[in-house]
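For ligands, and for the atoms within them, numbers begin at 1 and follow the listed sequence.
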Amino acid sequence: MRIFDPHIHMTSRTTDDYERMAAAGVRAVVEPAFWLGQPRTSAASFADYFDSLIGWEPFRAGQFGVRHHATVALNPKEANDPRCRPVLDLLPRYLEKDAVVAVGEIGYDDMTPAEDEAFAIQLALAVDHDLPALVHTPHRDKARGVERSLAVVAESGIAPGRVALDHLNEVTVKLARDSGCWLGFSIYPDTKMSPPRMVELLRTYGTERMLVNSAADWGRSDPLLTRATGEAMLAAGFTDDDVDRVLWRNPVEFYGQSGRLDLTDLDTPTAGTFEGNSILRGGD
Ligand SMILES: [Zn+2]
């Protein structure tokens, strides 16, 4: 089983995770920029974070044979903090980088006017830079959040086929599907979406434009739930080809729209150092 996790925050995971993911078949990931769990105090904090997402983290992933790409954005939560807003001026520089395959995560957290504005500005950046957009839908008031997100997407003029709406569930899937956007589902250990529920959604709605991710971060989460979903699909009678479509070809097609997805030489873990640093210990 080859797996592409289209949404995972590897910066907050350990090398053990990379080892287990590689052993489970995860060969490529996309890491969207998000918040740190505590507020950033200036735009400079984003610059260091973005540099890490396109430099150090791809190097670290490569040591385990996992290909790493990123998406960059001002996340919905911090769109409300005036100290963070200046990062909007920094984004165009990062959206030119080869390692960046979309604008994201953008969208709504609390659906405030500040979030409206940051969302619209960043969809315009996606259009300008000819990149797809990864849209986080709120965990509270989900249906209204998706409705409002779709209205902003429509207004921006970006093609729905270049937008992924993430963190969907049974309540929001149909609305999202009818829009022509890609459908992202985050599989969590105890709450929200689980592998069996995901299998039911795939049964009902098919495999087209469906994206399954672990959204693993510094909270309770599990980077192997993509694999668990693939296993649950097979147990439910889906074919190997169905699994490959959902867990590999769909994310490749979605992010491939950036023209920047590099999946060559996937079988060779990279060697060497990054700016003189390795992930080894003990002076090697
Ligand atoms: Zn996320």
As an exercise, state the distance from CH2 of Trp182 to CG of Asp166, rounded to the nearest 0.5 Å.
13.0 Å
Using a distance-only test with no angle check, is there a side-chain donor-acceptor pair under 3.5 angstrom linking Thr207 and Asp242?
no
Can a cation-pi geometry be assigned to Arg40 and Phe46, taking NZ or CZ under 6.0 Å from the six-membered ring centre and within 45° of the ring axis?
yes
So, for Phe34 and His9, is the gap between ring centers shorter than 6.0 Å?
yes
Under 2.8 Å from the Zn ion (ligand 1), the protein N, O or S atoms, given as residue and atom:
His7 NE2, His9 NE2, Glu105 OE2
Is a side-chain donor-acceptor pair under 3.5 Å present for Thr71 with Glu31?
no
Please output the side-chain donor-acceptor pairs of residues 88-98 that fall under 3.5 Å, not counting sequence neighbours, one pair per line with the distance.
from: Tyr94; atom 1: OH; to: Ala47; atom 2: O; distance (Å): 3.4
from: Tyr94; atom 1: OH; to: Asp51; atom 2: OD1; distance (Å): 2.9
from: Glu96; atom 1: OE2; to: His129; atom 2: ND1; distance (Å): 3.0

